[in-house]
Amino acid sequence: MTPLAQILHRRIAAEGPMTVAEYMALCLLHPRHGYYTTRDPLGAQGDFTTAPEISQMFGELIGLSLAQSWIDQGRPTPFVLAELGPGRGTLMADATRAMGAVPGMLDAATLCLVEASPALRARQSRSLQGLAPTWVDSVADLPEAPLFLIANEFFDALPVRQFIRAGEGWAERVVGLYEGALAFGLTEPAPQAALMPFLATPEGDLITTCAPAEGIVEDLGRRISSHGGAALVVDYGDWGAHGDTFQAVQSHTKVPPLAAPGQADLTAHVDFRALAAAAPCAHTALAPQGVFLETLGITRRAQRLADGLTGAARDAHVAAHRRLTHPGEMGSLFKVLGFVPEGAPVPPGLLPADRREG
Ligand code: SAH
């Protein structure tokens, strides 16, 4: 048994079953044994890979989209350039290299990284040398200033709760012990005032909520609304949160979420409708990642980069372009949602929200 599994067993034996959110938070961010606290999980040798690790084009195009928003809003100076959960710092390195083409932009920027993992903070300080980043623990700690922000595969790592529709109420999915092993269970059904938006859920169906995600978007939306700025949130998920998407990945393979606490990445799909509803600023329409990147000109950028490559490097580059954009790969599973002040132009690559949608 892993040290974290022992801690979980003792705690459940003493206090009873815990919510999926408590389990997820302990597994990912326990100060000594948490998955992110103790390692750099990214890349081919790690457990999973992400869009910025697949190709430099991803960070470059996101950087240019934010740069156009900065120009559209009158080049506010100074401003905070921020990233939530920057991983290895690759996205920000590529984005800032692209922003370097915009006169005055990097000079006006204060780079702030929201990162919980000491291991990844160390990795980010190496990749972002020369940009003098500062680290904060949460969005609430960012300076009050115009805010241009990116979050890729951050919201999917925030702790979720899961509820099953049962009669007039909801049974919450919990993690307990069964015959000496961690096992899922259900609480007695009870009314849940916070689940009013899901009232029409059919009996027996499961929904997922993420209060921390809503709190974060509320805070960054308030900043964007009062100081100006833009946020791009990229993640896998959809408009709504039906069905069980809580999953664990280890060595690029799905494993049962209770099998290896602290040793596997745990995620759940992001409910973009809940994020949009929580933001006190305007949001864009939700775009599939492939459409977003194609609109920003990824194919032309890919051709330019391909001109300098031959053999295996060229093949890998072509495969990376496909992986980021093709609907059968990351192109439609991953989505992009933007946030801007009411009335401001939306970041390039995205369309204004259909008002009827919310
Ligand atoms: N954005 C990066 C990394 C994604 S992995 C990329 O695309 O490659 C998730 C990142 O979020 C990691 O950096 C992890 O340490 C960080 N993270 C997870 N939960 C967090 C929390 N509650 N607060 C701050 N950072 C968190």
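One-based numbering along the sequence shown.
- Between the CG atom in Leu111 and the CZ atom in Phe148 there is a gap of 14.5 Å [rounded to 0.5 Å].
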Test log, rule salt bridge (charged side-chain N to carboxylate O under 4.0 Å, His left out), inputs Asp238 and Arg273: CA-CA 8 Å; Asp238 236 314; Arg273 180 171 57 193; over 6 Å; no
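- Between Ser65 and Pro348 the shortest side-chain heavy-atom distance falls below 4.5 Å.
- In this structure the side chain of Phe154 never reaches within 4.5 angstrom of the side chain of Val233, judged on heavy atoms.
- Taking the side chain as every heavy atom from C-beta outward, Leu42 and Thr49 never approach each other to under 4.5 Å.
- For the atom pair CG of Leu182 and NE2 of His9, the computed distance is 4.0 Å after rounding to the nearest 0.5 Å.
- Salt bridge absent: Arg301 and Asp94 never bring a charged side-chain N and a carboxylate O closer than 4.0 Å.
- With side-chain heavy atoms closer than 4.5 Å counting as contact, directly or through intermediates, the hydrophobic cluster containing Trp170 also holds Phe163, Leu195, Phe198, Ile207.
- Of all heavy-atom pairs spanning Pro146 and Pro76, the tightest one is CG-CB, 3.8 Å.
- Using a 4.5 Å cut-off on side-chain heavy atoms (C-beta onward), Val114 and Leu142 make contact.
- Through direct or relayed side-chain contacts under 4.5 Å between Ile, Leu, Val, Met, Phe, Trp and Tyr, Leu199 connects to Met196.
- Taking the charged nitrogens against the carboxylate oxygens, Asp205 and Arg165 have no contact shorter than 4.0 Å, which rules out a salt bridge.
- Checked against His269 for a ring pair (Phe, Tyr, Trp, His ring centres under 6.0 Å), the options Phe246, Trp239, Tyr236, Phe155 give a single hit: Tyr236.
- Counting heavy atoms from C-beta outward, Leu113 and Leu128 have side chains that approach closer than 4.5 Å.
- A heavy-atom distance below 4.5 Å is found between the side chains of Leu232 and Leu350.
- The side-chain heavy atoms of Thr37 and Ser117, taken from C-beta on, include no pair separated by under 4.5 Å.
- Between atom CD of residue Gln56 and atom CG of residue Leu91 there is a gap of 12.0 Å, rounded to the nearest 0.5 Å.
- In this structure, Glu294 does not pair ionically with Arg300, as no charged nitrogen and carboxylate oxygen lie closer than 4.0 Å.
- In this structure, CD on Gln303 lies 8.0 Å from CG on Asp307, to the nearest 0.5 angstrom.
- Atom CG of Leu177 sits about 10.5 Å away from atom CG of Leu258, to the nearest 0.5 Å.
- Here Lys335 does not pair with Asp235 in a salt bridge; the nearest charged N to carboxylate O distance is not below 4.0 Å.
- Thr2 contributes atom OG1, which lies 5.5 Å from atom CD of Gln263 (distance to the nearest 0.5 angstrom).
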